[in-house]
Amino acid sequence: MSTMRESADVPAWPVYALTVHDDGRVLASGPLIETSGHPTRAAAIEVVAGAAGRLGRSVRATASEPDGAVWPLIVSPDGEVSEVKTGRPRAAAPKKRQEKRAEKRREKREEKDRGRRAAKGAAKEGSTAASRPGAPEGGEAYAESLAQVTGHLDAGRADEAQALATQLDTQVAGVLGVSHPVALGVREVRARATAEAGDPVAGIQLYRDVAERWHYRGDAEQAEAVAGRAEKLWTGITDVERALSAGVAVVRMRNQIPGEGGAALASVLAHREQLLRTPATEAAPEATPATAAPVTDAGTAKGTEAVAGRGAAAGAEVPEPPVAVSSTPRSSRPRPRTAPSWERPAVNARKAG
């Protein structure tokens with residue numbers, strides 16, 4: 001502000017608003033100019049001076065500082081700025097506006113503080129992350145436990161491996177989050193251990209969870225690799241009912257990770273249809289019906305012989321024992337299975353209509 005100036009010779013219209021932000025940027029608005037932000041005060045004054053030049057005279061402006069102070073100004077066409085001499089203290093911004101700006105500044109400081117605390121916490125937690133291919137640095141603390149899981153698996157101790165992997169998965173997910181890359185690597189090892197411990201359906205569900213979380217993180221390569229392991233495990237299940245149960249998770253997974261050109265999704269749908277058409281007798285041989293056990297009760301046997309003897313003595317015809325009726329249906333061929341509604345792929349209603 002170079003000078004103090006009487007304002008009687010400057011008309012009351014137009015008045016331009018110059019709003020100064022905390023970072024030094026200035027928002028200029030008013031008649032004959034477009035509302036625009038400027039990196040410096042001088043740049044904003046230049047815009048107002050241009051409007052004054054088009055009017056051929058000086059114009060009024062009001063500059064509002066971040067602390068709430070308001071400066072009444074006069075800007076000439078050549079860019080000279082004068083503070084208006086009013087004889088009164090500078091006006092302050094309305095109380096609500098001051099409070100709002102103070103609240104925004106406080107929120108910004110709190111946000112910065114939270115960011116710094118989060119960064120420190122992430123650095124501390126990262127030092128306990130499990131190591132795996134592509135894992136972030138600092139996962140050495142879990143490496144020993146993960147190596148023990150792998151050692152159990154290589155030695156054929158699947159139950160021990162599953163128990164340790166489950167505990168490790170819970171621990172890492174609790175520290176880093178269930179979708180952290182380190183946690184996903186541990187859960188993938190847990191899926192393998194669970195399958196080798198005799199529960200392939202649960203193993204497939206764990207693989208599905210890992211694949212989908214990689215997909216949500218935007219890592220298509222990792223998602224496809226884990227999805228392929230889940231699919232391979234599924235196609236190796238020979239029991240039809242068990243395979244159909246696990247197929248729900250696989251079809252869901254492949255609907256989100258369909259593979260290149262949808263080939264993987266088409267493959268799992270074809271395998272599921274094959275399972276639905278497979279009779280149960282082909283997947284699991286039926287148990288041989290048990291034959292009737294011989295009569296061992298001595299009293300019953302003697303009674304039967306006595307009756308037969310009396311019948312023979314009387315010349316009567318001895319009735320034959322009743323023929324056992326098998327509970328097996330006449331046709332052992334099972335009816336074709338229909339896919340449960342939640343297994344069917346989603347239909348695009350718009351496309352279908």
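The side chain to side chain contact (heavy atoms under 4.5 Å, CB included) test applied to Ser29 returns Ala17, Thr35, not counting sequence neighbours. For Asp78, there are no salt bridge (Lys or Arg N to Asp or Glu O under 4.0 Å) partners, not counting sequence neighbours. Every residue two or more places apart in sequence or in another chain that forms a salt bridge (Lys or Arg N to Asp or Glu O under 4.0 Å) with Arg254 is listed here: Glu224, Glu231.
Judged purely by atom type and a 3.5 angstrom limit, Ser267 has no side-chain atom pairing as donor or acceptor with the backbone of Ala263. Judged by distance alone, with hydrogens and angles left aside, the side-chain atoms of Arg60 form a donor-acceptor pair with the main-chain N or O of Val10 at under 3.5 Å. Judged purely by atom type and a 3.5 angstrom limit, His180 uses its side chain to pair as donor or acceptor with the backbone of Val182. In terms of modelled atom types and a separation under 3.5 Å, the side chain of Arg25 and the main chain of Gly37 share no donor-acceptor contact.
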Worksheet item: When you look at Glu212 and Arg208, which way does the salt bridge (charged side-chain N to carboxylate O under 4.0 Å, His left out) test go after all the steps?
Response: CA-CA 6 Å; Glu212 289 181 0; Arg208 188 268 309 163; 3.2 Å; yes

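Pairs engaging residues 228-262 under the ring-ring contact (aromatic ring centres under 6.0 Å, His included) rule: Trp234-His271 [sequence neighbours left out].
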Residues 164-172, side-chain donor-acceptor partners within the protein, below 3.5 Å, at least two apart:
residue, atom, partner, partner atom, Å
Thr166, OG1, Gln162, O, 2.8
Thr166, OG1, Arg190, NE, 3.4
Asp169, OD1, Arg187, NE, 3.2
Asp169, OD1, Arg187, NH2, 3.4
Asp169, OD2, Arg187, NE, 3.2
Asp169, OD2, Arg190, NH1, 2.8
Thr170, OG1, Thr166, O, 3.0

List the atom pairs, with distances to 0.1 Å, where a side-chain N or O of residues 147-154 and a protein N or O form a donor-acceptor pair under 3.5 Å, not counting sequence neighbours.
residue, atom, partner, partner atom, Å
Thr150, OG1, Leu146, O, 3.1
His152, ND1, Arg157, NE, 2.9
His152, ND1, Arg157, NH2, 3.3

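No chain of hydrophobic side-chain contacts below 4.5 Å, direct or via other Ile, Leu, Val, Met, Phe, Trp or Tyr residues, connects Ile33 to Leu27.
In this structure, the side chains of Pro31 and Val59 stay at 4.5 Å or more apart for every pair of heavy atoms. Between Glu80 and Ser58, every side-chain heavy-atom pair lies at or beyond the 4.5 Å cut-off. With contacts defined as side-chain heavy-atom distances shorter than 4.5 Å, the pair Leu18/Ile45 qualifies. Between Arg192 and Val189 the shortest side-chain heavy-atom distance does not fall below 4.5 Å. Side-chain atoms of Tyr207 and Met253, non-hydrogen and from C-beta on, never get closer than 4.5 Å to each other.
Listed here is the closest heavy atom pair of Asn255 and Pro258: O-CD, 4.4 Å. In plain terms, the two heavy atoms of Leu32 and Arg54 that are nearest each other are O-NH2, 2.8 Å. Ala246 approaches Ile237 most closely through the heavy-atom pair CB-CD1, 4.2 Å.
Judged purely by distance below 3.5 Å, without hydrogens or angles, the side chains of Ser36 and His38 pair a donor atom with an acceptor atom.
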